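Below is one structure, written out as structure tokens; comments come after it.
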Amino acid sequence: MNVLKRMVTAAVATVSVGAALVVPATAAHAADTTLGIDVGNIAYNQVYSDNAEVLKRLSEKGTNCNFYTGFWADPNNDRYDNNPASTCGTSSKGYQYRDGTKSWVTVNWRARAWCADFAKFAFYWGTAKYTGLNALASSFRTYGVNNGTWHPKGSYVPRKGDAVVYDWEGDGVIDHVGIVTSYQENNTDGTFNSVEGNRSDAVKHVFNTSNRAASVVGFTSPVPK
């Protein structure tokens, strides 16, 4: 009998373990990815860098005059986005690839609404795919849909490195985008922290936004190149 009991117990344990192995992890409990961590760190370090040149980027100088648009709209940059923007009289240092070489160069700041330029910068230097992204915040939702990584709010716990997309007016028009840097609870009713460009005319670390906030539309996870 003792042998039989042990055999039955072992069989039940095996079935239980086997069942656990085949249950997929839900989206709400997905772990941070290495790529997402890298993207999130790029955004976070724009605020907390000890490099004086990076810290110059924190606030725009005049209406929409900022470093991140200067980066993407610089014809000398190998990653020039072919979307010209006017220079606005300010410059600072930053890395660019020019003629195939990564160099610490002077970047002339340029003016346009720039939250998407900031978020795209984090995707790019975090080594995520960035093709399909442009100067519009809405391009991050399109990117997510096209790459299978779009998550409407209420269905998902954001991960580090995700782009969070906002509609401030509630009119169905995407107005803003930022980068998630951490989250507080591992459920869809939790909150997250983010770093966002052009938030009150600056790069801001935003704390404790509800995953279900009225202004949040959803989240796009970065994908590898």
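All values reported here derive from a predicted model rather than from experimental measurement.
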Relative to each other, are the rings of [X] and [Y] parallel, tilted or perpendicular (30° and 60° limits)?
X: Y124; Y: W72; result: perpendicular
X: Y68; Y: F118; result: perpendicular
X: F71; Y: F67; result: tilted

Side chains of [Y] and [X]: any donor to acceptor distance under 3.5 Å?
X: N66; Y: W109; result: no
X: K153; Y: N211; result: no
X: S182; Y: N193; result: yes
X: K93; Y: N51; result: no
X: H205; Y: Y48; result: yes
X: Y130; Y: S139; result: no
X: S92; Y: R57; result: no

Considering all heavy atoms, the nearest [X]-[Y] contact:
X: A111; Y: T63; answer: CB-O, 3.9 Å
X: A73; Y: Y80; answer: O-CE1, 3.5 Å
X: K120; Y: L133; answer: NZ-O, 3.3 Å
X: K129; Y: Y143; answer: O-OH, 2.7 Å
X: G172; Y: D167; answer: N-OD2, 2.8 Å

Given side chains that start at C-beta, do those of [X] and [Y] come closer than 4.5 Å, heavy atoms only?
X: N64; Y: W114; value: yes
X: E196; Y: V164; value: yes
X: F192; Y: F207; value: no

For this session: Go through the steps to decide whether F140 and F123 satisfy the test ring pair (Phe, Tyr, Trp, His ring centres under 6.0 Å), and finish with yes or no.
Result: CA-CA 11 Å; F140 282 82; F123 268 44; 5.4 Å; yes
Salt bridge or not for [X] and [Y], using N-O below 4.0 Å?
X: D162; Y: R141; result: no
X: D78; Y: R98; result: no
X: D117; Y: R112; result: yes

Exercise. How far apart are the C-alpha atoms of R212 and T188, what are their side-chain angles, what is the distance that settles it, and do they pass the side chain to side chain donor-acceptor pair (under 3.5 Å) test?
Worked result: CA-CA 8 Å; R212 296 177 181 267; T188 56; 3.0 Å; yes
Exercise. Under the side chain to side chain donor-acceptor pair (under 3.5 Å) criterion, do Y183 and S194 qualify, and how do the steps go?
Worked result: CA-CA 9 Å; Y183 55 88; S194 56; over 6 Å; no
